[in-house]
Each structure stands twice: as C-alpha cells, then as structure tokens.
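Notes to accompany the following structure.
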Amino acid sequence: MATVSEALSIALDHHIAGRVTEAETLYGRILEAVPGHPDASHLMGLLLAQTGRAAVALVHLDAAVAGDPASPTYHLNRGKVQDALGRTADAVASWLATLRLRPDHGEAAERLAPALRVLAETAFDSGALASAAALYTQSLALDPQNLSAAFDAAMAAKGLGRLQEAARLAGIAARLDPTLLRARMVEAEVRQTLGQTERAISALRPALALDPAQGGCWASLCLLLSDLGQRGASVSAGRRAALAAPADTGLLVRLAAAQQMAEKPRAALAAARRGLALDPASAELHLALGAALDALHALETADRSLDRAGRLRPGDAAALAERGRLCERAGSAERAAALLHRALAARPDDGDSWVALGRAALRRGDAAWASRCARWALRLSPGLPTGLLLAGAVREAQGADGEALALYDRAIAAAPGLGTGFSRRALLLLRRAVGDAPPPRRASGKRRLSVSTLGHAGRFGNQLLQYGCLRVCAERNGMELETPEWIGRHLYGLDDPLHGPPLPGLHEEDCGVPALLDGRALTGAGGHDVVGYFCGDTAPLAQHRERFRAFFTPVGTVAERATAALDGVRARGRTLVAIHLRRGDFGLNDRFWIAPEGWYLDWLADLWTTLDRPVLYLATDAPELADRFARYRPLLAGDLGAPLPGAEFFTDHWILSRADHVAVSNSSFSVTAAMLNPALRAALRPDRERARLVPFDPWNGPVLLP
C-alpha cells in the first residue's frame, strides 16, 4: 500500500498533467485518511480554485495554514483566493503574514500594494481617515513611487489635521508627477495653514508655469503674497486669477481683499462691483464693497452695503462685526456696541471686534469695560497691535501714563507703521518735555473742513502732508480746518479748533485737491471730513509752498533745540550734505523698499570733492550704518545733544530741511523735509529701475515711488 507521500506525489503528477478528476480523487482519499494534512489541503485548495470553486477551495487553504502556519506559500495562495472572493482585507492579512515569514517575497509584496490601496480608498470614501492613512502608509512602504497612493495619503493626512505629513506627501506626489497641479495646490494650501508662506509660494510657482490659466492657483498666490506684505505682487496675482476665471465671484472677493490690503480701495471697489454684477445676492461681495467704501470714507454708503450683506445672511458674525466696526469709526458708539455684542455672541474669538467694542466703550467714558475688552482681545491674540493701543488708551485715560507708554511702545514694535501708537507716545512725552500745546482756538463759524484721522493714518511725514495740504485748502476756500490732538500742536504751536460733530466722510481722491487748492470749494454747506495720506503728486501744492512751510516753524523749546542743532552742524563745515537712510519699519513689504547704501556712497564719491568744506549729516534710525560712511566723518543726531522725548526723530527732520544737498529715502519723512527746505541746492532720491540716486524736485512729483 502506498504511503501518504507517495500518494501525494501521484496526485500532484495528475494535477500538473491536467488530469484534474484523478488528482482531486487522490487528494480527497489522502484527506480522508489524514484530515487536515497541510500539503494535501493546500493542493486540493489550489485545484478547486483553478476549477472555479473558490469558496470550497478557501476551506482547504484555511486548513493548510492551520496545519502549517510557518509556510509563506500557504499564506500567499490563501490570500489569492480570498482576493478572488472579494475578501480584500483577509487577503491583505494573508500577504502580510507571507512577508513576515519571508520579507523578500516579491509576489506577496506585489499583490499587497494594490490591495492596500483598495482598502485605503474604501476607508477614505467611508470617512475612516485614520484607517486610510495607516493603509496608505503601508502601501507606500511597499511602492514608494505610486502616485495615487502618495496623493491620496496626503489628502487623508490633511483631513486628519496632520498638516506636516500632508505637506510632505503632497510634495512627494508633485515630484512623482510634476504636471499634477492638484498636488501642488494641496501642498501650498497646507503650508499656508502652517504659516510656511514662502514654501507655499514655491509649491505654486511650478503649477502656474505649467498652466498660467489656473485661477485657483493665482488666487492662492494672491493671498500668500499678501501675507508676506508683497502687496503689489499680491494684487497682480489677484488680477491674473480674475482674468483666468472672470465669472468666478469667489476670485473677485479675493482680489478685492488683496487690493484693500494694498491700500487700493478704488480698485477693490471696482472688483466688488464687478462681482455683484455677476451675483447681486453675494453676501461676501457686499461685505467687500462695504469695506472698500469704508476705506474711501464713504461711510453712509458703506453702511448700506454692510446692511445688505447682513440681510442676505441674517446673524452672520462677519457682517455684524464689519458693520459694528464701521459704526465705531464713525463715532456711533451705542450702535456700534449693539452690533458688536451680537457679532461676538456668534464669534467670541474675534479680537478685532473686541477692540472695536472697547473703543466704543472708551468713547462713552466706560474705561473699566474698555479694559475688559482689551484683555479679551490680547488673550485671543497676544501682541495684537490694536489691542495694545486700546489697552494703552485705557491706562492713559486712567492716568497711568507710564503703563500707557509701555503699551504704546509694544504696539509700535508690533506694527511700526501704525500712526496711532506713534502719536499717542509722542503726545504723552512731549507734554513732559515742552509743556502743554497751545489751547485750541474757538471755532470761527466758517464752513468746516475736518481731518479726524490726523495722527492715526500715517506717521510724521504723512501727518505734515495731511495737515499742510488741507490747511491750505481750507484757507483758499474760506473754511476752517479742524484737527484732533496731534504732534504739530507741540512742535509748531498750531492751535486749530478740535474737530466737532462728525462730518460726511470724503477720501482725498474724491475731494478734488487741485481744485480746492485753486479756491474751488467742495459742494455741501456743512463741510467734510477728509481722509487720506496725501502722498500723490505735489505739483498742485507747489504754488503754495511758502504758506505750507510757514505752518511748520518750530516754537518755544523746540525752536531753541532746532537752532542749537543746526548751529552745531554748521560749525563743522560750510556746505551741509544730509542723507536719510530709513531702516526700522522699512523693507517689510514691496511698497516701502530699502535703497542700498552703495547708491548714496556712489553719489557722495562724485559730489564730495566739488563742495566747499562739506560736512555730512546722516539721518537714520540705524546709527550703525555710519561705519559705511566713515571716510566722510558723518554726524548723527546723537552728536548734537539729547533727543527730544516723544519726537526723537525731530533733529533728523530739521537738519534735512536745512541742508544744502539732500539725498532722501523712499519715505514721506525725508521728502517732506526736502519740501520744507527753503535753500535747497540739490535733492536726490533712489530710483529702483535705474538702481541709483536721481535728481528730483520735491514740489513736482509723487511723494513715494513704486
């Protein structure tokens, strides 16, 4: 009688030769004699599977694995049958067992990778993202070059909030297929969320090179560039997005936001209106329109737009907050508080709304509630500049000047270009250093022209432009200028009436400054409150230059300091050359760019030997730069005595306004100094296109260059 091994060998010969019936009969007899025999169970299972009886085959293959669990072949073939039966998870388990027993098993690895992807996709589609992510990780370990697994793994990680992993996997997918735009967009989106703005931009650039018509990519780039402070480039990207998809109102919302950030409210207004022509019922576009009108100081029209947004989306926190902040800026404290309370009930994590609510409370004299609002805002966003300013204003109102100054200093460090902190700090310190400003004179009863944002919209140079231009406009039209407290009262003895009841707002671009300067008054009997930076063309103001200069004549202790400083410089030479190098709050975006010191050194090299006993004065907030000019032995403000507390910059501005030769930076600070200079022989400014200093007339051209 044949042994089991001999019978199994005969059965296998039949199997191999295709004599299936004979093989099946012998396998059956062996299993009757030795139930669960591993080899016989395995071979019977294979035969049954090959003849279309997979379900029965699996019973025998299970028996084979149970009889010899250390056989990688049994696990492999059981997995094949399980997969054929649609039991993919069981097949994966079998092939994983194969690889545990024999890690170099090529067929098991080859079969496992697509099965894992099937399971991962099923898990992903059912919302089981954690399971999907684990399965994709296993799949990629087996097949690192699989594009779909890499991209889908990135999406799963993104859905789970594992953003670093999502960015890495999306980057892998983009490298596997450089034409897969979606992968680059996902990587950019995730890196933007992580605050990795520059890496997000790097992810988008190749996508845009491949397909410049991708509106979504341009829209993302628009936001990213805005985050970097590259406002001009951001607006350009927003325009490309809108051109790529002109009917996409979402892109127009983003474009309007970018233009608003770039201080181009008119362009934002046009974008919002274009969007509303496509979708008049878009709450987002009505919000964008209201924000643009607000920036243009058309407060009544802005309020109507924001009201419309609120009616389209009742109870919407964003619409309530925007409208509440507008009412606060317009001086309607009670209405602002009512709207802001509703907005914060829906979205209590809105720091800007807490600040606006606090300002409304302070306007009503409730310093305690304003202080609570400031604390909430700063708890939500530590270092929020407007929150620090509110906290400073509260402490100032409570008489704690030292604490207020510390808060204003923190606000200035957080947002150097924000005029309010600069002005509040200056006024507090100047009162101590030079005494109270002259009392404001009583209103004459003439038509009113107000500049309520003086001291808030821009710093020293901007403030001189705003005041000087509007004061000339008022005088030319028989009007009286009203101003808030501002630094000019202490430095120049200006005593204009304080601004009274709110006037209709008007942006500088809408009030027709050239016509006002020619004596053609604004329409409307009650006057207007004008807002703007007045950094445009100075030519219309040129015929009034003497009057403009007369406004800014130092008085009292300030005049004494100015005289002593200028005498100190003149004592060192006959020809005064002054250079302004601004650094501290410059170079943070593409509008306020920094010209290299080399341009100024090149100019000095050509000029210096032609002058009679020249002396160089360096006006700068970065005194370490003096080393670059060491051969000219420059003087700094610190060489001329202690700075004026609160107006530490005054010596620099004064010397620039009295020098014989002036080289400015791209800053209203030094351009206004050149405008005030009555004996200026030559003025130069940096030009980016020509990469050098070029002559300019401060009374015939824009204050700032692009």
Side-chain angles (χ1 to χ4, degrees), residues 297 423 437-458 460-556 558-559 653 657 668 671-678 697-701 703:
H297 226 52
S423 295
R441 65 180 184 272
R442 296 182 62 181
S444 64
K446 294 179 180 178
R447 287 181 66 214
R448 300 164 57 204
L449 190 65
S450 176
V451 54
S452 63
T453 57
L454 185 63
H456 304 280
F460 187 60
N462 282 137
Q463 293 178 27
L464 297 187
L465 289 164
Q466 292 165 43
Y467 177 86
C469 190
L470 289 175
R471 175 71 184 271
V472 171
C473 288
E475 291 181 353
R476 291 284 295 163
N477 291 278
M479 305 172 78
E480 186 165 54
L481 185 65
E482 299 174 348
T483 75
E485 285 190 286
W486 75 293
I487 196 170
R489 295 181 184 270
H490 289 274
L491 297 181
Y492 306 118
L494 298 165
D495 63 350
D496 308 274
L498 293 172
H499 59 81
L503 290 167
L506 198 62
H507 193 269
E508 63 172 299
E509 295 179 14
D510 295 317
C511 68
V513 170
L516 279 174
L517 291 170
D518 287 341
R520 288 174 279 165
L522 290 166
T523 59
H528 290 81
D529 181 25
V530 182
V531 64
Y533 291 95
F534 291 86
C535 288
D537 192 352
T538 59
L541 190 58
Q543 60 181 314
H544 308 290
R545 70 183 72 189
E546 297 307 320
R547 185 60 181 147
F548 184 93
R549 288 171 177 156
F551 299 143
F552 306 117
T553 303
V555 296
V558 179
H653 195 269
S657 74
S668 60
V671 173
T672 52
M675 292 172 70
L676 295 177
N677 195 319
D697 179 356
W699 288 100
N700 187 24
V703 173

Given 3.5 Å as the limit, does a donor-acceptor pair link the side chain of [X] with the main chain of [Y], or not?
{"X": "D537", "Y": "G701", "value": "yes"}
{"X": "E508", "Y": "Y533", "value": "yes"}
{"X": "E480", "Y": "A443", "value": "no"}
{"X": "R448", "Y": "P501", "value": "yes"}
{"X": "T538", "Y": "N700", "value": "yes"}

Below 4.5 Å, heavy atoms only, C-beta onward: do [X] and [Y] meet side chain to side chain?
{"X": "C535", "Y": "N462", "answer": "yes"}
{"X": "Q463", "Y": "I487", "answer": "yes"}
{"X": "P497", "Y": "R441", "answer": "yes"}
{"X": "L506", "Y": "H297", "answer": "no"}
{"X": "R476", "Y": "H544", "answer": "yes"}

Taking all atoms of both residues into account, what is the closest heavy-atom pair of [X] and [Y], and its distance?
{"X": "C469", "Y": "L517", "value": "O-CD2, 4.2 Å"}
{"X": "F551", "Y": "G468", "value": "CE1-O, 3.7 Å"}
{"X": "P504", "Y": "G527", "value": "CD-O, 3.6 Å"}
{"X": "C473", "Y": "L449", "value": "CB-CD2, 4.3 Å"}
{"X": "S450", "Y": "S452", "value": "OG-N, 3.7 Å"}
{"X": "P484", "Y": "L454", "value": "CG-O, 3.3 Å"}

Hey, what do you get for [atom1] ([X]) to [atom2] ([Y]), rounding to the nearest 0.5 Å?
{"X": "F548", "Y": "L465", "atom1": "CZ", "atom2": "CG", "answer": "5.0 Å"}
{"X": "E475", "Y": "K446", "atom1": "CD", "atom2": "NZ", "answer": "8.0 Å"}
{"X": "M675", "Y": "L464", "atom1": "CE", "atom2": "CG", "answer": "9.5 Å"}
{"X": "H499", "Y": "E485", "atom1": "NE2", "atom2": "CD", "answer": "9.5 Å"}
{"X": "H528", "Y": "L470", "atom1": "NE2", "atom2": "CG", "answer": "12.5 Å"}

>> Before you tell me yes or no, could you show the steps for Y467 and L494 under side chain to side chain contact (heavy atoms under 4.5 Å, CB included), namely the whole-Å CA-CA distance, both residues' side-chain angles and the distance that decides it to 0.1 Å?
In response: CA-CA 10 Å; Y467 177 86; L494 298 165; 3.5 Å; yes

> Excluding sequence neighbours, so at least two apart, what forms side chain to side chain donor-acceptor pair (under 3.5 Å) with T672?
Replying inline: H653

> Taking only residues two or more places apart in sequence, or in another chain, which ones meet R545 in a side chain to side chain donor-acceptor pair (under 3.5 Å)?
Replying inline: none

> Does V558 have any side chain to side chain contact (heavy atoms under 4.5 Å, CB included) partners at least two apart in sequence or in another chain, and if so, which?
Replying inline: V434, L491, P554, L644, F650

> If you measure from the Lys or Arg side-chain nitrogens to the Asp or Glu carboxylate oxygens, is any gap between R489 and D495 under 4.0 Å?
Replying inline: no

> Which is it for D496 and T483 under the side-chain hydrogen bond (donor to acceptor under 3.5 Å, both in side chains) test, yes or no, and what are the steps along the way?
Replying inline: CA-CA 6 Å; D496 308 274; T483 75; 4.6 Å; no

